[in-house]
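These values consider heavy atoms only, across backbone and side chains, with no hydrogens, waters or symmetry-generated copies.
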Amino acid sequence: MSFKTRLLVFILPFIFSTSLVFAQTFTSSNLPLVFINTNGQTIVDDPKIHASMGIVWNGPGIRNGVKDPRNDFNGNISIEIRGSSSQQFQKKSYGFEIKTLDWLDMDVSLLGMPQENDWILYAPYTDKTMIRDVLSYTLDASLGNYAPRCRYVELFVNNVYEGVYVLMEKIKRNKNRVDIAKLLTTDISGENLTGGYIIKIDKTTGSGGDGWSSSYLNVNNSTYYQYDYPKSTVITPEQKSYIKNYVDNMETALYREKFTGIGSYHDYLNDTSFIDFMIMNELAKNVDGYRLSSYLFKDKNGLINCGPIWDFNLTYGNADYYDGWMTTGFEYQNNLGGDYWQNPFWWNKLMKDPAYVLKLKRRWSWIRKHEFTSQHINFVADSLTNLLAEAQVRNYQRWTGVIGKYIWPNYYVGPTYVSEVIWMKDWITQRLAYLDKQWYYDFTGNDKLLADAPASVYPNPFVDKVEVRLPNTTIGNAVAELYNQNGSLVWKKNTVVQNGYLPLEISGCRPGMYILRITQNGNALFNGKIVKVE
């Protein structure tokens with residue numbers, strides 16, 4: 001099987017797995033099938049109910065039948081409806097936890113993704129292409145960031161076909177998700193108190209709610225920060241005080257436009273992560289990208305990082321409010337004075353710092369020549385829609401009246417699935433052209449800041465081949481080494497880098513997480529986590 005064929009099945013850190021249909025004769029799918037049985041109970045918003053789940057996944061390139069053994073998972077779950085505004089839709093999204101026979105939490109690997117007990121079944125509905133979220137997570141992961149891993153599936157609930165879903169990771173502190181230190185209730189002083197933390201900016205419906213309001217106004221309202229990790233029911237008063245004071249200090253430095261020297265915002269936040277976060281949200285023109293569904297995290301002794309990205313269904317022109325349909329302009333500049341949920345003031349402050357803007361432009365121009373070429377973005381989008389070509393027909397037979405109908409908050413309403421995809425791809429082309437003009441930077445001569453563009457590996461997770469991207473001035477002999485989680489060397493190859501490009505075929509290792517290390521003359525060029533899948 002060719003690399004691109006495999007990529008269509010396991011495309012990047014998040015790809016696909018799908019469930020089945022019963023609106024017509026249906027026997028098998030190219031996507032994984034998920035079957036949930038609630039034993040007559042109704043799935044509600046809260047609390048979770050006990051249920052069972054089975055997953056059919058026969059492997060890449062093999063069809064999955066409705067009568068096949070539940071060979072990827074077959075056991076207990078607790079499940080509830082999830083989401084906020086999305087709960088108005090007929091097609092519901094679900095959050096679920098894997099349980100033992102005694103209904104205790106249990107970590108398992110689903111469809112090749114790392115073990116955990118918390119998962120989401122996201123229901124694409126207002127996004128009629130059904131790829132906006134997965135496309136965004138895939139692109140962000142190609143930059144070397146953690147973004148939720150995904151698999152397309154087709155879902156049955158109580159033997160009723162519910163259409164195409166995305167089985168995906170819930171954002172959570174974990175070595176395979178948001179990889180920060182575990183914070184115990186006894187960690188109330190000293191170095192241990194400094195991390196890790198995850199906080200979120202979002203509506204208080206759904207989950208969470210406890211937190212604090214910023215001391216600074218945005219337009220006419222303050223940002224509300226919620227405790228995500230540790231959970232509000234577990235976090236101690238000392239930990240609440242620490243993370244609030246840390247964020248307060250960050251905001252104060254930004255509010256006062258302290259861009260350099262002691263006490264500048266650089267003492268509190270990692271601007272590289274904020275730049276990537278901004279690039280992803282502005283590329284997609286995400287109307288909720290800063291004010292909602294946004295996460296910040298801080299590791300022990302570390303700075304505040306922005307991310308992971310989350311919730312991109314109202315992107316790439318799919319929103320008819322806050323200029324979301326326009327391929328020009330910037331969402332961070334939107335004046336949302338009439339909305340309770342507003343963009344944090346500090347995005348505009350960051351964009352007043354000439355050094356931050358220059359670094360943003362360098363980053364954008366670099367990735368447009370590497371990870372975010374128009375050809376690559378189109379390839380990912382086409383791979384996803386090709387993967388869904390069969391299942392999308394069943395999905396829209398199940399959910400009749402969606403294609404060709406306005407579903408809040410659609411700007412464009414196309415007569416067919418294909419027209420929806422074509423319109424979105426054309427929108428992306430125009431958006432890229434706009435950003436290229438706004439964020440242009442010419443890498444000429446011996447730009448010493450080429451090193452600002454971090455090395456990256458793609459795809460990640462991978463099947464058997466990866467491409468390592470380094471600064472394009474990197475050439476010559478190099479050594480590639482792969483280490484397992486125990487630190488043992490499991491694979492090594494002497495190779496050659498050409499203009500920053502290093503393709504590798506990695507064989508002989510089992511699925512799992514590894515550290516890939518690239519060195520040249522004893523100096524490290526790349527050292528990062530990669531995940532091998534079947």
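Between the side chains of K170 and N117, not a single donor N or O lies within less than 3.5 Å of an accepting N or O. For the residue pair T100 and D102, no side-chain donor N or O sits within less than 3.5 Å of a side-chain acceptor on the partner. For N286 and N281, the side-chain atoms include at least one donor-acceptor pair closer than 3.5 Å. Inspection of the E169 and Y146 side chains reveals an N or O donor paired with an N or O acceptor under 3.5 Å. Side-chain N/O atoms of Y165 and S93 include no donor and acceptor closer than 3.5 Å. Inspection of the N158 and T38 side chains reveals an N or O donor paired with an N or O acceptor under 3.5 Å. At a cut-off of 3.5 Å, with distance as the only test, no side-chain donor of N395 or Y417 sits close to an acceptor on the other residue. Of the N and O atoms on the side chains of E282 and Y290, at least one donor lies less than 3.5 Å from an acceptor on the other residue. No hydrogens or angles considered: nothing links the side chains of D133 and N313 as a donor-acceptor pair under 3.5 Å. Side chain to side chain, N410 and N318 meet the donor-acceptor criterion of an N or O pair below 3.5 Å.
A 4.5 Å side-chain heavy-atom check between N494 and V479 finds at least one atom pair inside the cut-off. Contact check for F73 versus I98: side-chain heavy atoms found under the 4.5 Å cut-off. Side-chain contact between L525 and T519 is absent, with no heavy atoms from C-beta onward closer than 4.5 Å. The side-chain heavy atoms of V34 and M53, taken from C-beta on, include a pair separated by under 4.5 Å. Side-chain contact between K200 and Y229: absent, with no pair of heavy atoms (C-beta onward) separated by less than 4.5 Å. Residues M168 and R149 have side chains not in contact (no heavy-atom distance under 4.5 Å, counting atoms from C-beta outward). Counting heavy atoms from C-beta on, the side chains of L121 and V166 never come closer than 4.5 Å. Two residues are said to be in side-chain contact when any heavy atoms from C-beta on lie closer than 4.5 Å; I43 and I49 meet this criterion.
In terms of modelled atom types and a separation under 3.5 Å, the side chain of N145 and the main chain of D276 share no donor-acceptor contact. Between the side chain of D464 and the backbone N or O of S507 there is no donor-acceptor pair closer than 3.5 Å. At least one donor-acceptor pair closer than 3.5 Å links the side chain of S273 to the backbone N or O of C306. Although no hydrogens or angles enter the test, the distance criterion places a donor-acceptor pair under 3.5 Å between the side chain of N484 and the main chain of S488. Under the 3.5 Å distance criterion, the side-chain polar atoms of E481 are left unmatched by any main-chain donor or acceptor of R517. For the pair D426 (side chain) and I422 (backbone), a donor-acceptor distance under 3.5 Å is absent. K128 contributes no side-chain N or O that, together with a main-chain N or O of Y125, makes up a donor-acceptor pair within less than 3.5 Å. Put simply, the side chain of D140 never gets that close to the backbone of M280: no donor and acceptor are under 3.5 Å apart. At least one donor-acceptor pair under 3.5 Å links the side chain of S294 to the backbone N or O of L292. Counting only distance, with no hydrogens or angles, the side chain of R173 and the backbone of I180 share a donor-acceptor pair below 3.5 Å.
Of all non-hydrogen atoms in I518 and A478, the two that sit nearest each other are CG2-CB, 4.3 Å. Between R394 and S29 the shortest heavy-atom distance is NH2-OG, 3.3 Å. Considering every non-hydrogen atom in both S142 and F372, the closest pair reads OG-CE1, 3.8 Å. Across M424 and I131, no two heavy atoms sit closer than the pair CE-CD1, 3.6 Å. Between N58 and N64 the shortest heavy-atom distance is N-OD1, 2.7 Å. Taking both residues in full, the closest heavy atoms of W408 and Q88 are given as CE3-NE2, 3.6 Å, listed atom of the first, atom of the second, then distance.
Taking 4.0 Å as the cut-off between side-chain N and carboxylate O, E97 and K99 count as a salt-bridged pair. Using a cut-off of 4.0 Å between Lys/Arg side-chain N and Asp/Glu carboxylate O, D288 and R291 are scored as salt-bridged. Checked for salt-bridge contact, K172 and E116 meet the test: a charged N lies under 4.0 Å from a carboxylate O. At a threshold of 4.0 Å, the pair K425-D382 counts as salt-bridged, since one of the basic side-chain nitrogens sits closer than that to a carboxylate oxygen. Ion pairing between a basic and an acidic side chain is recognised when a charged N comes within 4.0 Å of a carboxylate O; K91 and E162 show no such pairing.
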Residue pair R469, E467: steps toward the salt bridge (charged side-chain N to carboxylate O under 4.0 Å, His left out) verdict = CA-CA 6 Å; R469 300 297 178 92; E467 299 174 0; 3.1 Å; yes
Quick one: do K493 and E505 satisfy salt bridge (charged side-chain N to carboxylate O under 4.0 Å, His left out)? Show the steps, please.
-> CA-CA 10 Å; K493 182 174 182 176; E505 184 166 353; over 6 Å; no
Run the numbers on L384 and L135 for side chain to side chain contact (heavy atoms under 4.5 Å, CB included), then give the verdict.
-> CA-CA 8 Å; L384 294 172; L135 172 64; 4.0 Å; yes
Yes or no on side chain to side chain contact (heavy atoms under 4.5 Å, CB included) for Y316 and K285, after CA distance, side-chain angles and deciding distance?
-> CA-CA 6 Å; Y316 307 107; K285 201 84 184 296; over 6 Å; no
Please assess L283 against L432 for the test side chain to side chain contact (heavy atoms under 4.5 Å, CB included), listing each intermediate value before the final yes or no.
-> CA-CA 7 Å; L283 168 63; L432 288 168; 3.6 Å; yes
When you look at F96 and L167, which way does the side chain to side chain contact (heavy atoms under 4.5 Å, CB included) test go after all the steps?
-> CA-CA 10 Å; F96 67 93; L167 176 60; 3.7 Å; yes
Please walk me through it: do D202 and Y295 pass side-chain hydrogen bond (donor to acceptor under 3.5 Å, both in side chains)?
-> CA-CA 9 Å; D202 204 358; Y295 287 84; 5.5 Å; no
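Interatomic distance, CG of D46 versus CD1 of I81, reported as 10.5 Å (0.5 Å rounding). Here CG of D45 is found 6.5 Å from CD of E80. Values are rounded to the nearest 0.5 Å. To the nearest 0.5 Å, atom NZ of residue K92 and atom CZ of residue F89 are 9.0 Å apart. Going from atom CG of D299 over to atom CG of N305 covers 8.5 Å, rounded to the nearest 0.5 Å. The distance from atom CH2 of W310 to atom CD1 of I120, rounded to the nearest 0.5 Å, is 3.5 Å. Taken from CH2 in W491 to CG in L516, the straight-line distance is 7.0 Å, to the nearest 0.5 Å.
Within the cation-pi definition used here (under 6.0 Å to the ring centroid, within 45° of the axis), R132 does not qualify as a partner of F312. With F35 as the aromatic partner, R70 meets the cation-pi criteria of under 6.0 angstrom to the ring centre and within 45 degrees of the ring axis. A cation-pi arrangement is found for R177 relative to W119, the charged atom lying closer than 6.0 Å to the ring centre and inside a 45° cone about the ring normal.
Aromatic ring orientation, W103 versus H50: parallel (interplanar angle below 30°, classes split at 30° and 60°). By the 30° and 60° cut-offs, the orientation of the rings of Y411 relative to W423 is tilted. By the 30° and 60° cut-offs, the orientation of the rings of W366 relative to H370 is parallel.
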